[in-house]
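Bear in mind the structure is a predicted one, so any value in this text is a computation, not a measurement.
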Amino acid sequence: METLIQLSDSKAPSTVSEILASLRKEHFEPRHEAKAWGDWIYLDSYSTVISIECNHGLSSSATIEHGEGEEEGEPTTSILRSFGRLGWHGIDDDGEFPLE
């Protein structure tokens, strides 16, 4: 399962440093890796990963790729809260939804 999250076009993109700091506030130990095929944020102790679209260290779109058994509750709730703190929102079949 995946959850799409993004910033509104009217908001300035978040820096990767801001995103990592917000995840740390939720007691995660995030690790950012830039690969040839895209940027990823890994969370120690979880199989859920975040595929993040970065352009010169800035991001306004990401996909949370839920690990098996991690679709509900933790870590999803805390991940959404950390991005919501930065003004991001989720997107599903019904449209946009708040993350906080």
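- Under 3.5 Å, the side chains of His66 and Thr3 contain a donor-acceptor pair of N or O atoms.
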Please output the side-chain donor-acceptor pairs of residues 54-65 that fall under 3.5 Å, not counting sequence neighbours, one pair per line with the distance.
{"residue": "Ser59", "atom": "OG", "partner": "Glu53", "partner atom": "O", "Å": "2.8"}
{"residue": "Ser59", "atom": "OG", "partner": "Ser61", "partner atom": "O", "Å": "3.3"}

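- For the atom pair His32 NE2 and Ser17 OG, the distance stands at 9.5 Å (nearest 0.5 Å).
- Put simply, the side chain of Thr15 gets close to the backbone of Glu18: a donor and an acceptor are under 3.5 Å apart.
- Few gaps surround CD on Glu2; more than 12 heavy atoms of other groups in view lie less than 6.0 Å from it.
- Once rounded to the nearest 0.5 Å, the distance linking OG of Ser82 with CG of Leu20 reads 10.0 Å.
- Neither Val49 nor Leu43 shares a network with the other; the hydrophobic side chains, linked directly or stepwise wherever heavy atoms of I, L, V, M, F, W or Y lie under 4.5 Å apart, form separate groups for each.
- Within the 4.5 Å cutoff, no side-chain heavy atoms of Leu4 are placed close to those of Asp92.
- Note that the NZ atom of Lys25 and the CZ atom of Arg81 stand 13.0 Å from one another [nearest 0.5 Å].
- In the hydrophobic clustering of ILVMFWY residues, with side-chain heavy atoms under 4.5 Å counting as a link, Phe28 and Tyr42 come out apart.
- For Thr76 (side chain) and Glu72 (main-chain N/O), no donor-acceptor pair under 3.5 Å exists by modelled atom type.
- Listed by first and then second residue, the ring-ring contact (aromatic ring centres under 6.0 Å, His included) pairs that reach into residues 81-100 are Phe83-Trp88, sequence neighbours excluded.
- The side-chain hydrogen bond (donor to acceptor under 3.5 Å, both in side chains) search around Ser47 returns Glu70, not counting sequence neighbours.
- Cluster membership check: Trp40 does not share its hydrophobic cluster with Ile19, using side-chain heavy-atom separations under 4.5 Å among Ile, Leu, Val, Met, Phe, Trp and Tyr.
- Residue Tyr46 is grouped with residue Leu23 when hydrophobic side chains (ILVMFWY) are merged at heavy-atom distances under 4.5 angstrom, including chains of intermediate members.
- Side chain to side chain, Ser78 and Glu74 meet the donor-acceptor criterion of an N or O pair below 3.5 Å.
- Judged by distance alone, with hydrogens and angles left aside, the side-chain atoms of Thr48 form a donor-acceptor pair with the main-chain N or O of Gly67 at under 3.5 Å.
- In this structure, OG on Ser51 lies 8.0 Å from CG on Asp39, to the nearest 0.5 angstrom.
- Considering CD1 of Ile79 and CD1 of Ile41, their distance stands at 9.5 Å, rounded to 0.5 Å.
- Of the charged side-chain nitrogens involved, none lies within less than 4.0 Å of a carboxylate oxygen, so that Arg24 and Glu29 do not count as a salt-bridged pair.
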